[in-house]
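Worth knowing before you read on, the calculation uses all heavy atoms, side chains too, and leaves out hydrogens, waters and symmetry mates. Ligands are counted one by one from 1 in listed order, and the atoms in each one are counted from 1 as well. Numbers here are sequence positions counted from 1.
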Amino acid sequence: MPQELRAVDWTGSGLALIDQTLLPHRHETMAVHDVDTLVDAIQRLVVRGAPAIGAAGAYGVALAIIEGEREGWTEAEVRAAVARVREARPTAVNLMAGVDRVMTRFAEGLDAVLEEAAAVQREDVAANRAMGAFGADWLLAKLQQAGVERPLRILTHCNTGALATAGWGTALGVIRELHARGRLEVVYADETRPLLQGSRLTAWELVQEGIPHYVQADGAAAGTILRGEVDAAIVGADRIAANGDTANKVGTVGVALACADAGIPFLVAAPTTTVDLATGTGDEIHIELRGEAEVLEWAGVRTAPAESRGHNPAFDVTPGRLVTGLVTERGVLEVSAGELPGDRLNMGRSVSSSELR
Ligand SMILES: CSC[C@H]1O[C@H](OP(=O)(O)O)[C@H](O)[C@@H]1O
């Protein structure tokens with residue numbers, strides 16, 4: 001089921017995006033045939049999740065070429081439109097990387113651009129499947145060493161499933177793999193304020209597959225962890241710096257701090273396309289500040305006094321020292337133990353999990 005769920009699809013003349021602002025109550029697809037609509041869809045989180053917006057950005061290059069032919073744009077105007085897609089959101093490196101990778105084929109024309117965009121999408125699904133296996137292997141081995149043989153209780157934050165990727169999911173892909181192996185007892189899904197990617201999207205994906213779960217308030221996560229109700233937490237990422245500092249949905253660093261205090265694994269699952277070796281540390285990561293209204297109201301109803309202002313960072317940065325393991329399609333890096341992406345992920349070489357463990 002999840003591998004058939006495609007947040008981003010190319011229709012031959014444009015994009016078909018699952019409108020994630022409508023889930024879980026309405027499952028509708030938005031047709032996108034121009035760049036401005038795609039930029040708006042990325043900024044309103046119609047399509048969201050680092051790898052998913054990376055795929056959308058990749059196909060956005062094709063969209064700009066087609067719209068340019070339709071509107072009689074110059075090459076400079078097409079390139080300017082591509083830049084608008086690339087800059088639609090600042091934190092998830094996958095968006096820039098997806099656009100930049102496809103632009104290497106720009107001079108060859110539309111067919112080559114579409115071929116490269118399809119490769120971005122195809123490779124992400126394969127990476128997620130590999131990540132799921134590596135992550136499940138690592139978790140089961142580590143927890144068995146700690147005497148935990150029973151099915152696992154996993155906490156996750158935000159949505160990192162098929163909706164956030166080209167298919168299967170990153171952190172949720174590991175959770176799917178544990179479930180498939182009969183080694184998952186329950187998932188605690190943080191609702192993930194203010195846009196509720198956890199209660200609206202992760203819960204929806206888990207219901208589709210009958211995976212047992214609780215939705216909990218973000219503020220409940222630390223207590224759930226410190227009370228010993230969770231064996232591990234696993235989250236996604238939007239940008240991972242060369243030293244292992246990780247930008248992810250706001251609220252993630254609190255989960256990591258609680259895991260550190262409780263002495264349980266805190267895992268980040270992300271394809272190597274989310275690792276940005278050009279960013280040395282988390283201090284250099286641009287954290288998207290979103291509109292105040294998202295925290296001051298819900299469904300158009302004001303929840304805070306009219307005089308209140310809203311502070312709405314979309315992400316926070318978890319220091320690498322709190323990241324027990326970075327699960328990639330090339331294996332697991334034990335970041336807090338000193339295995340840094342910048343040193344260990346030779347980006348041109350596939351590495352087995354044992355080599356990285
Ligand atoms: C597969 S990683 C998805 C990653 O992206 C989410 O952010 P957003 O919903 O704002 O696009 C969140 O940080 C997830 O961990």
Side-chain angles (χ1 to χ4, degrees), residues 2 5 7-8 17-21 23 41-57 88-98 120-121 124-125 127-129 131-132 135 155-176 189-202 204-205 218 221 233-240 246-256 266-276 282 285-291 294-295 312-318 323 326-329:
L5 189 70
V8 177
L17 306 176
I18 292 178
D19 186 340
Q20 299 188 35
T21 65
L23 286 171
I42 292 171
Q43 291 176 336
R44 287 195 302 112
L45 280 70
V46 166
V47 57
R48 45 142 302 280
I53 61 178
R89 290 183 77 190
T91 305
V93 67
N94 305 65
L95 175 56
M96 301 81 179
V120 167
Q121 190 162 37
D124 185 60
V125 178
N128 294 340
R129 284 287 188 164
M131 225 182 292
L155 184 143
T156 194
H157 192 77
C158 198
N159 172 257
T160 60
L163 289 170
T165 64
W168 190 248
T170 58
L172 207 56
V174 177
I175 288 170
R176 283 189 162 104
D190 291 351
E191 64 177 350
T192 314
R193 290 248 328 133
L195 295 180
L196 305 180
Q197 288 93 325
S199 58
R200 295 188 303 109
L201 306 179
T202 294
W204 182 77
E205 289 199 49
D218 299 330
I234 184 161
V235 301
D238 292 82
R239 192 182 295 244
I240 302 166
T246 296
N248 196 54
K249 183 53 53 196
V250 64
T252 299
V253 69
V255 171
F266 174 80
L267 295 185
V268 172
T272 48
T273 49
T274 305
V275 176
D276 176 15
I285 298 175
H286 180 169
I287 299 298
E288 179 186 4
L289 274 181
R290 293 184 61 84
E294 289 179 356
V295 290
N312 189 16
F315 303 98
D316 58 28
V317 174
T318 297
V323 178
L326 169 58
V327 182
T328 77
E329 72 278 18

Worksheet item: Where the side chain of T328 meets the backbone of A270, is there a donor-acceptor pair that is under 3.5 Å apart?
Response: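 Side chain of T328 to backbone of A270, a donor-acceptor pair under 3.5 Å: no, none is there.
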Worksheet item: Got a donor-acceptor contact below 3.5 angstrom from the T156 side chain to the I234 backbone?
Response: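 Confirmed, T156 side chain pairs with I234 backbone.
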Worksheet item: Can you list the residues that meet the salt bridge (charged side-chain N to carboxylate O under 4.0 Å, His left out) rule with D276, with sequence neighbours excluded?
Response: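 So D276 forms a salt bridge (charged side-chain N to carboxylate O under 4.0 Å, His left out) with R239.
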Protein contact of [atom] - nearest heavy atom, named by residue and atom, plus distance:
atom: atom 11 (O) of ligand 1; value: G49 N, 2.8 Å
atom: atom 12 (C) of ligand 1; value: C158 SG, 3.3 Å
atom: atom 1 (C) of ligand 1; value: T170 OG1, 3.3 Å
atom: atom 5 (O) of ligand 1; value: D238 OD2, 3.1 Å

Per-atom contacts of ligand 1 with [X], taking only distances under 4.0 Å to non-hydrogen atoms:
X: N159; result: 3 (C), 14 (C)
X: A50; result: 3 (C), 5 (O)
X: T160; result: 1 (C), 15 (O)

Discussion item. Is the shortest side-chain heavy-atom distance between L5 and W204 below 4.5 Å?
Written reply: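 Heavy-atom side-chain distance check passes, below 4.5 Å.
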Worksheet entry | Side chain to side chain, K249 and D190, heavy atoms closer than 4.5 Å |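 K249 vs D190: side chains apart.
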Shortest non-hydrogen contact between [X] and [Y], atoms and distance:
X: R48; Y: R89; answer: CB-NH1, 4.2 Å
X: I53; Y: A92; answer: CD1-CB, 3.8 Å
X: T252; Y: D316; answer: N-OD2, 3.3 Å

Practice prompt. Name the option, out of V268, L45, T246, N248, that contains the heavy atom nearest to atom 15 (O) of ligand 1.
Written response: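 Going through V268, L45, T246, N248 one by one, N248 has the nearest heavy atom to atom 15 (O) of ligand 1.
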Worksheet item: Which option, Q20, R290, R48, owns the non-hydrogen atom nearest atom 6 (C) of ligand 1?
Response: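 Among Q20, R290, R48, the closest heavy atom to atom 6 (C) of ligand 1 belongs to R48.
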Worksheet item: Going through the checks in order, is the side chain to side chain contact (heavy atoms under 4.5 Å, CB included) test met by N248 and T318?
Response: CA-CA 8 Å; N248 196 54; T318 297; 5.9 Å; no
Please verify whether a non-hydrogen atom of [X] lies at under 4.0 Å from ligand 1.
X: R89; answer: yes
X: T192; answer: no
X: A314; answer: no

Item to complete: Pick one of side chain, backbone, both or neither for how A237 approaches ligand 1, counting any non-hydrogen atom pair under 4.0 Å.
Response: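 For A237, the contact with ligand 1 is made by the backbone alone.
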Worksheet item: Heavy-atom contacts under 4.0 Å between Q197 and ligand 1: side chain, backbone, both, or neither?
Response: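 The answer is the side chain.
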